[in-house]
Amino acid sequence: MKSPYIEIMDCTLRDGEQTSGVSFLPHEKLMIARQLLGEVNVDRIEVASAGVSEGEKKAVSSICRYAESIGKLDRVEVLGFVDGHRSIDWIAECGGQVINLLAKGSLRHCLHQLKKQPDEHLSDILRTIEYAERKNIKVNLYLEDWSNGMKNSPDYVYRLMDTLFDTNIMRFMLPDTLGIMNPLQCIEYLRKMRKRYSNLRFDFHAHNDYDMAVSNSLAAVLGGCQGLHVTVNGLGERCGNAPLASVQVILKDHFNARTGINEERLNDISRLVEGYSGIAIAPNMPIVGENVFTQVAGVHADGDTKDKLYYNELVPERFGRRREYALGKNSGRANIANNLEELGLELTTEQIQKVTRRITELGDRKELVTPEDLPFIVSDVLKHSVPDDRVKLISYVVNTSYGLKPGANIKVEINGQQYEAGATGDGQYDAFVKALRYIYKKFLGRTFPRLANYTVSIPPGGRTDALVQTIITWDTPGKPLRTRGLDADQTEAAIKATIKMLNIIENDEIA
C-alpha cells in the first residue's frame, strides 16, 4: 500500500502572528514566506487576514508577486470572512488567488456571535462563494469551532456540510479552535466526517491548549484527513498551534506518511522566525531546540561509541545539525573524548583523566562548559603545567568587606618549605600578590617580579561565561614573561597565572 501524502499548510504568518506581542513587518513576512515556499517546501502558506491594514496589504502583495515568480501563487492563501464582497475584493487587489473563508462550525457561534439562524448563515456563505467564483478566487472553507460543533451540535455541522457538499469548495478545514479535543475524539469526529463525505478533502487545524496539538494532528491523519495546519515553533494564539518540525518528523517516522518538507531547512526557518518574532525557542524543544542533540550524561556518550546505543531516528544530520557532547560534572571521559576527537586533539589516557578532573571541578561550580572552551582547558591543564612544581599553593583565603580593604591570607610551599603571610590591598588579587611579595622578600630575600599588564576575557569562541581567561605579563630579568590562568572565577584565574609564573622562574633558576 502506498504511503499517504499529507499536505502541510503553514499558518505562521497569520495564526502565528496572533501570538501575544508578535507583529511581523512586511519585509519580514516576505522573508519567511520565501523560505517556507522556496526552501522548506511546505505545500501552502496562509499569510494574513483580509482587510487588516495597509501594511498587511503590502505584505500580501509582495508575497503574491514572489510566489507568482516561482510558479506557486496558488499556494498562497488568505483568511477571509463572510462579509459580502469586502474580503474577496481585498485579496484580488493583492494579487491573491485563494481565500480561506471563515464560517461558523458550531451552532453556538452561529447563534450568539453572528446572531443569525443557520439558514441565514448558509445563504451568506453561498453568496460569498458565488462572488469568489466570479472573481476567479478559489475557496477553502474553515468551520470555526468545529470541534465544539461536533461535540455539542453535530446536526448543525452536517446541515452545513450537506448544503455545501456540491459547491466548488476545494478543502473543508476543521479547526479545534479552542484546543479542547483529545486524540480519541479527534479520530472519532474525523471518521464520522469521512464516512458521510468520503469524496471531500479535509484539513485539520490544531490548537495546543491541553498540550495535545501534535497528538491531535496525528490522530486526525488516522481519522482520514489529508492536510494539517502548523506554525513554525508552534506560534499561535494562547498556547499556540502544532509545531511544523514536530508534526513533520512524527508523520514520517511513526506514520510512514509522505510530505514535501525539506527537513534540512527546518532549523533555519525556526531561527529566522525566532529572530523576527522575538519569541525564544525553548532549549529542549524537539528538533530545533539548542540542547536536543547535546548529550550530557557520560554513559550516553559512551553508548554512542558502542554501536550508537543512544541514537534514534532523529539524528542531527537529518536536520542540518550535528551532535554535541556537553562538558560538565556528569560528562565522564567518553563525552570529553568525543569532543577531543571532534577538535582533532589526541591525548593520552592520563592526560584525558587530568582534563576530566578539571572539567568536573568546573562543572561543580558552573552548569555547562561548551566544546568551544575545551581547547583552553586542555592548554591550561597540560601545556602550562610544570612536571615538578617547585611552588605550590597550599591554601588561601581572600575576602572583601564593606568599608574595609580586601585581604588575603596564604600558605605556599617553595622548594619544599612552607610559608604563610597575610596582606591587604586594593583588590582581592592585589592583596594576594602583596602577601606573596612579603614571603619572597622576608623569607627568601628575593625580588618578586613586577606585574606589567593584566587582561581578563572570556576565551574566544566560548558560548558561555563558564570560564574566564586571565593573561598576566611580568617584568622578569632578561625578557617579559606572560602566563595565563583559566577558571570560572576571575581572581582564581589570576592566582593560577601567578603560580605558573613563579614555577617557570624557579625551574629556570635550578636549570
Side-chain angles (χ1 to χ4, degrees), residues 8-40 42-70 72-104 113 128-129 131-132 135-142 144 170-171 173 175 177 203 205 207 229-238 240-241 244 269-270 272-279:
I8 301 295
M9 183 175 86
D10 184 274
C11 306
T12 304
L13 298 178
R14 198 277 300 173
D15 219 358
E17 198 178 28
Q18 292 177 201
T19 305
S20 178
V22 173
S23 179
F24 298 119
L25 296 172
H27 80 274
E28 293 174 338
K29 281 202 163 191
L30 176 59
M31 292 302 101
I32 294 171
R34 289 174 68 98
Q35 199 163 83
L36 284 169
L37 285 177
E39 299 179 30
V40 182
V42 297
D43 296 281
R44 297 142 53 208
I45 55 174
E46 188 175 58
V47 298
S49 297
V52 169
S53 67
E54 284 303 309
E56 199 80 328
K57 195 170 191 178
K58 179 181 177 182
V60 175
S61 297
S62 64
I63 291 170
C64 287
R65 285 194 298 271
Y66 162 72
E68 188 173 27
S69 73
I70 62 170
K72 294 183 178 180
L73 182 55
D74 60 339
R75 298 190 183 195
V76 177
E77 302 174 7
V78 178
L79 179 72
F81 308 95
V82 182
D83 55 9
H85 298 176
R86 199 176 327 164
S87 289
I88 292 168
D89 287 343
W90 192 92
I91 294 168
E93 289 166 11
C94 293
Q97 293 183 343
V98 182
I99 183 172
N100 291 339
L101 187 62
L102 189 68
K104 298 302 180 182
Q113 188 172 47
T128 304
I129 294 171
Y131 183 66
K135 298 287 286 188
N136 294 316
I137 301 291
K138 297 176 181 177
V139 180
N140 297 314
L141 187 76
Y142 270 118
E144 186 182 15
M170 294 188 297
R171 301 174 186 85
M173 306 197 296
T177 304
D203 281 6
H205 181 104
H207 279 265
H229 297 185
V230 299
T231 60
V232 177
N233 301 336
L235 291 183
E237 200 163 20
R238 303 185 313 277
N241 295 32
L244 165 61
I269 188 63
S270 289
L272 181 68
V273 171
E274 179 184 41
Y276 285 159
S277 68
I279 304 295

Listed pairs under 3.5 Å, donor-acceptor, residues 30-37 side chains, sequence neighbours left out:
from  : atom 1 : to     : atom 2 : distance (Å)
Gln35 : OE1    : Ile269 : N      : 3.3

| note | salt bridge (Lys or Arg N to Asp or Glu O under 4.0 Å) filter on Asp10, not counting sequence neighbours, yields none
| request: Calculate, to the nearest 0.5 Å, the distance between atoms CD and OG1 belonging to Glu46 and Thr231 respectively. | output: 11.5 Å
| said: Run the salt bridge (Lys or Arg N to Asp or Glu O under 4.0 Å) test against Glu93 and tell me which residues pass, sequence neighbours left out. | reply: Lys57
| request: Sequence neighbours left out, what passes ring-ring contact (aromatic ring centres under 6.0 Å, His included) with Tyr142? Give chain and number order. | output: His205, His229
| field | Rounded distance (nearest 0.5 Å) linking atom CD1 of Ile45 with atom OG1 of Thr12 | value | 9.5 Å
| query | Does the side chain of Ser277 reach to within under 4.5 Å of the side chain of Leu235, using non-hydrogen atoms? | reply | yes
| remark: Output for pair (Leu102 CG, Met173 CE), nearest 0.5 Å, gives 9.0 Å
| query | What distance separates Lys72 NZ from Ile63 CD1, expressed to the nearest 0.5 Å? | reply | 14.0 Å
| request: Give the C-alpha distance, both sets of side-chain angles, the deciding distance and a yes or no for side-chain contact (heavy atoms from CB on, under 4.5 Å) between Val76 and Val98. | output: CA-CA 7 Å; Val76 177; Val98 182; over 6 Å; no
| request: Would you please test Tyr66 and Ser62 for side-chain contact (heavy atoms from CB on, under 4.5 Å) and show each step? | output: CA-CA 6 Å; Tyr66 162 72; Ser62 64; over 6 Å; no
| message | Checking Glu28 now: which residues fulfil side chain to side chain donor-acceptor pair (under 3.5 Å) with it, not counting sequence neighbours? | response | none
| note | Those residues at least two apart in sequence (or on a different chain) that pass salt bridge (Lys or Arg N to Asp or Glu O under 4.0 Å) with Glu17 are Lys29
| query | Considering residues at least two apart in sequence or located in another chain, which fulfil the side chain to side chain donor-acceptor pair (under 3.5 Å) criterion with Gln97? | reply | none
| task | State which residues pass side chain to side chain donor-acceptor pair (under 3.5 Å) with Asp74; sequence neighbours excluded, sorted by chain then number. | result | none
| message | Are Leu101 and Thr128 packed together at the side-chain level, in the sense that at least one heavy-atom pair is separated by less than 4.5 angstrom? | response | yes
| query | Can you check whether Lys135 reaches Ile91 side chain to side chain, under 4.5 Å on heavy atoms? | reply | no
| said: Applying side-chain contact (heavy atoms from CB on, under 4.5 Å), can you list everything that pairs with Ser87, at least two apart in sequence or on another chain? | reply: Ala50, Phe81, Asp83, Ile99
| query | If you count the non-hydrogen atoms of other residues, nucleotides and ligands that lie under 6.0 Å from CZ in Arg238, is the total more than 12? | reply | yes
| Those residues that, when tested against Glu39, pass side chain to side chain donor-acceptor pair (under 3.5 Å) (two or more places apart) | Arg265
| Where do Cys64 and Cys94 come nearest, in terms of heavy atoms and distance? | CB-O, 3.6 Å
| request: For Arg65, enumerate each residue passing the salt bridge (Lys or Arg N to Asp or Glu O under 4.0 Å) test, keeping only those at least two apart in sequence or located in another chain. | output: none
| field | Contacts of type ring-ring contact (aromatic ring centres under 6.0 Å, His included), residue His27, not counting sequence neighbours | value | none
| note | Output for pair (Ser23 OG, Gln18 CD), nearest 0.5 Å, gives 11.5 Å
| task | For the residue pair Leu25 and Tyr276, establish whether any side-chain heavy-atom pair is separated by less than 4.5 Å. | result | no
| query | Should Asn100 and Arg171 count as side-chain neighbours, where that means a heavy-atom distance under 4.5 Å? | reply | no
| Under 3.5 Å, side chain of Thr19 to main-chain N/O of Glu237, donor-acceptor pair present? | no
| field | Close side-chain approach of Pro175 and His207, heavy atoms under 4.5 Å | value | no
| task | Could you tell me which non-hydrogen atom of Val78 sits nearest to which non-hydrogen atom of Ser49, and how far apart they are? | result | CG1-C, 4.2 Å
| said: In the structure I gave you, are the side-chain heavy atoms of Asn140 and Met9 within less than 4.5 Å of one another anywhere? | reply: no
| request: Could you tell me the separation between the CE atom of Met170 and the NZ atom of Lys138, rounded to the nearest 0.5 Å? | output: 6.0 Å
